[in-house]
Chemist: 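Take a look at the following structure, please.
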Amino acid sequence: MGGTRDLIVSFGEMLIDFVPTVSGVSLAKAPGFLKAPGGAPANVAIAVSKLGGNAAFVGKLGDDEFGHMLAGILKKNGVIVDGILFDQGARTALAFVTLRADGEREFMFYRNPSADMLLTEHELNLKLIRSAKVFHYGSISLIVEPCRSAHMKAMEVAKEAGALLSYDPNLRLPLWPSADEAREKIMSIWDKADVIKVSDNELEFLTGKEVSDESALSLWHPKLKLLLVTLGEKGCSYYTKKFRGNVPGFQVNTVDTTGAGDSFIGALLCKLVKDDAILTNEAKLKEALKFACACGAITTTKKGAIPALPTICDVQGLISSNRTEKIKTSGWQKLITTPKQHLISSMCPGCYNVSN
């Protein structure tokens, strides 16, 4: 960690998602559940690490079997865990996630309170936070004290140390006292962020308008460097001070959309931390967003968030297969496409299961 300036620090919650083994049923009718580690900021940290980036997580877990299991998963995935604390008086948060037939989700949370809600500003690992080149966070840590004050302090320290602030509201309405309070608290820190990512549903919630360039730009603030609106399988829209546009998504067999947005933003931050020209060069930004869209797409092909997060080889495989599918022969030209498995294995020998 010492002296590293490519570190991406994620702040917030980590929990256990329980996902029904059968899609399209209510929680009551689900025959069983798949236990999957989750929590948006933790998902982002692992997404970064699995893509070869340098990631750390700051948050609080219960001093219980689930909490220590989650910390172990972070370590196993190469995430720095110096910012994790364990609370002896509260449990690790749980979430039951209902998968509709289309792969979209509904949530039921068990936090009364959970350990992540009890993190205080005095418990923060400020040295770790000051080491961040990017400091990433959501909005769930804004719901109650003392975690809200810890969140605000961490943002302040990171900004003072020169970090780029990355914000993904990650709206979860069942956790908020009301929709109005959710909107108010989410927007209360809006003008602090350098990079903001919202989903199409979140854009509609925050603006009260349908998804459009006009509604997106109504969320622009003078210090913002990049605003992203994710559009599911349609890709994403991007907005900067000098240019705006769209990047198409990838067609995959969607099983579960949990973690797709976290995978997307983690992938983008991986690219951004290595080359901040992405914020001012449209060609570089579009290439980075293409990579991010591929990451998000791959994450939807398995149940759960963290188990589905891709490696670089997975992403290169999807992008390459998508490219070869678009090649056509015409006239005297004969373009020979390389079989998908051979192409992927030649690009990433030994790191891709060609039977996938």
Side-chain angles (χ1 to χ4, degrees), residues 1-2 4 7-19 21 32-97 109-111 113-120 123-125 127-129 131-132 135-138 140-141 147 150 154 170 256 258-259 262-263 265-267 269-270 295 298-299 302-314 351 353:
M1 183 185 74
T4 300
L7 180 65
I8 298 169
V9 174
S10 287
F11 174 91
E13 72 282 358
M14 190 176 192
L15 61 147
I16 305 288
D17 287 329
F18 287 90
V19 184
T21 54
F33 295 88
L34 175 70
K35 181 181 65 178
N43 292 344
V44 171
I46 294 180
V48 168
S49 186
K50 289 190 72 171
L51 292 169
N54 190 16
F57 177 74
V58 174
K60 202 170 197 182
L61 300 167
D63 189 11
D64 50 38
E65 288 193 20
F66 281 154
H68 289 283
M69 182 195 81
L70 292 176
I73 288 170
L74 288 168
K75 291 179 185 178
K76 182 179 178 180
N77 282 279
V79 176
I80 296 169
V81 295
D82 296 354
I84 291 180
L85 295 104
F86 296 93
D87 195 295
Q88 295 184 350
R91 297 294 190 188
T92 301
L94 307 179
F96 287 81
V97 187
F109 294 92
Y110 285 79
R111 304 167 83 231
S114 55
D116 59 287
M117 301 164 68
L118 301 178
L119 179 67
T120 70
E123 293 174 313
L124 293 170
N125 184 333
K127 181 179 179 181
L128 178 65
I129 293 170
S131 299
F135 184 72
H136 177 78
Y137 48 89
I140 290 175
S141 47
C147 191
N170 189 42
D256 176 12
T258 305
D262 306 324
S263 181
I265 192 64
L269 295 179
C270 260
C295 285
I298 291 170
T299 306
K302 296 179 182 178
K303 289 185 178 180
I306 291 172
L309 295 171
T311 64
I312 289 179
C313 293
D314 296 330
C351 66
N353 183 351

Chemist: Indicate yes or no: at least one non-hydrogen side-chain atom of Lys75 is less than 4.5 angstrom from one of Ile84.
Modeler: no
Chemist: Say you draw a straight line from OG of Ser10 to CG of Leu74; how long is it, rounded to the nearest 0.5 Å?
Modeler: 9.5 Å
Chemist: Find out whether Lys35 and Phe18 are in side-chain contact, i.e. whether some heavy atom of one side chain is under 4.5 Å from a heavy atom of the other.
Modeler: yes
Chemist: Atom CZ of Phe33 and atom OG1 of Thr21: how far apart are they, to the nearest 0.5 Å?
Modeler: 8.0 Å
Chemist: Between atom CG of Leu70 and atom CZ of Phe57, what is the distance when rounded to the nearest 0.5 Å?
Modeler: 8.5 Å
Chemist: How long is the gap from CD1 on Ile46 to CD1 on Ile73, to the nearest 0.5 Å?
Modeler: 7.0 Å
Chemist: Are any of the side-chain heavy atoms of Glu13 and Asn170 separated by less than 4.5 Å?
Modeler: yes
Chemist: Identify the heavy atoms of Arg111 and Ala93 that sit nearest to each other, and give their distance.
Modeler: CG-CB, 3.8 Å
Chemist: Could you check His68 against Asp63 for side chain to side chain contact (heavy atoms under 4.5 Å, CB included), going step by step and ending with a plain yes or no?
Modeler: CA-CA 7 Å; His68 289 283; Asp63 189 11; 2.6 Å; yes
Chemist: How close do Gly39 and Leu15 get, heavy atom to heavy atom, and via which atoms?
Modeler: CA-CD2, 3.2 Å
Chemist: Any idea which heavy atoms bring Ala115 and Gly62 closest together, and the distance?
Modeler: CB-N, 3.3 Å
Chemist: Any non-hydrogen side-chain atom of Val48 less than 4.5 Å from a side-chain atom of Asn54?
Modeler: no
Chemist: Report yes or no: does Ser49 contribute a side-chain atom to a donor-acceptor pair with the main-chain N or O of Asn77 at less than 3.5 Å?
Modeler: yes
Chemist: Shortest non-hydrogen contact from Ala154 to Leu124?
Modeler: N-CD1, 3.9 Å
Chemist: Answer whether the closest heavy-atom distance between the side chains of Leu118 and Pro113 falls below 4.5 Å.
Modeler: yes
Chemist: Which heavy atom in Ala305 sits nearest to a heavy atom in Gly259, and how many Å separate them?
Modeler: CB-CA, 3.9 Å
Chemist: Is any side-chain heavy atom of Ser263 closer than 4.5 Å to one of Asn43?
Modeler: no
Chemist: A side-chain contact here means heavy atoms from C-beta on lying under 4.5 Å apart; do Met69 and Ile16 qualify?
Modeler: yes
Chemist: Could you state the interatomic distance from SG (Cys270) to CD1 (Ile312), rounded to the nearest 0.5 Å?
Modeler: 7.5 Å
Chemist: What's the shortest heavy-atom distance between Ser131 and Leu7, and which atoms?
Modeler: O-CB, 3.8 Å
Chemist: Within this structure, what is the CG-CE distance for the pair Asp116 and Met14, rounded to the nearest 0.5 Å?
Modeler: 11.5 Å
Chemist: Let's go through Asp17 and Ile306 carefully: what are the C-alpha distance in whole Å and the side-chain angles of both, what is the deciding distance for side chain to side chain contact (heavy atoms under 4.5 Å, CB included) to 0.1 Å, and is it a yes or a no?
Modeler: CA-CA 10 Å; Asp17 287 329; Ile306 291 172; over 6 Å; no
Chemist: List the steps, then state whether side chain to side chain contact (heavy atoms under 4.5 Å, CB included) holds for Asn125 with Val58.
Modeler: CA-CA 8 Å; Asn125 184 333; Val58 174; 5.6 Å; no
Chemist: Compare all side-chain heavy atoms of Phe11 with those of Leu119 and state whether any distance is below 4.5 angstrom.
Modeler: yes
Chemist: Please check if any side-chain donor atom of Asp64 sits under 3.5 Å from a side-chain acceptor atom of Thr92, or the reverse.
Modeler: yes
Chemist: Only one of Leu51, Leu309, Ile265, Asp314 passes side chain to side chain contact (heavy atoms under 4.5 Å, CB included) with Cys295; say which it is.
Modeler: Leu51
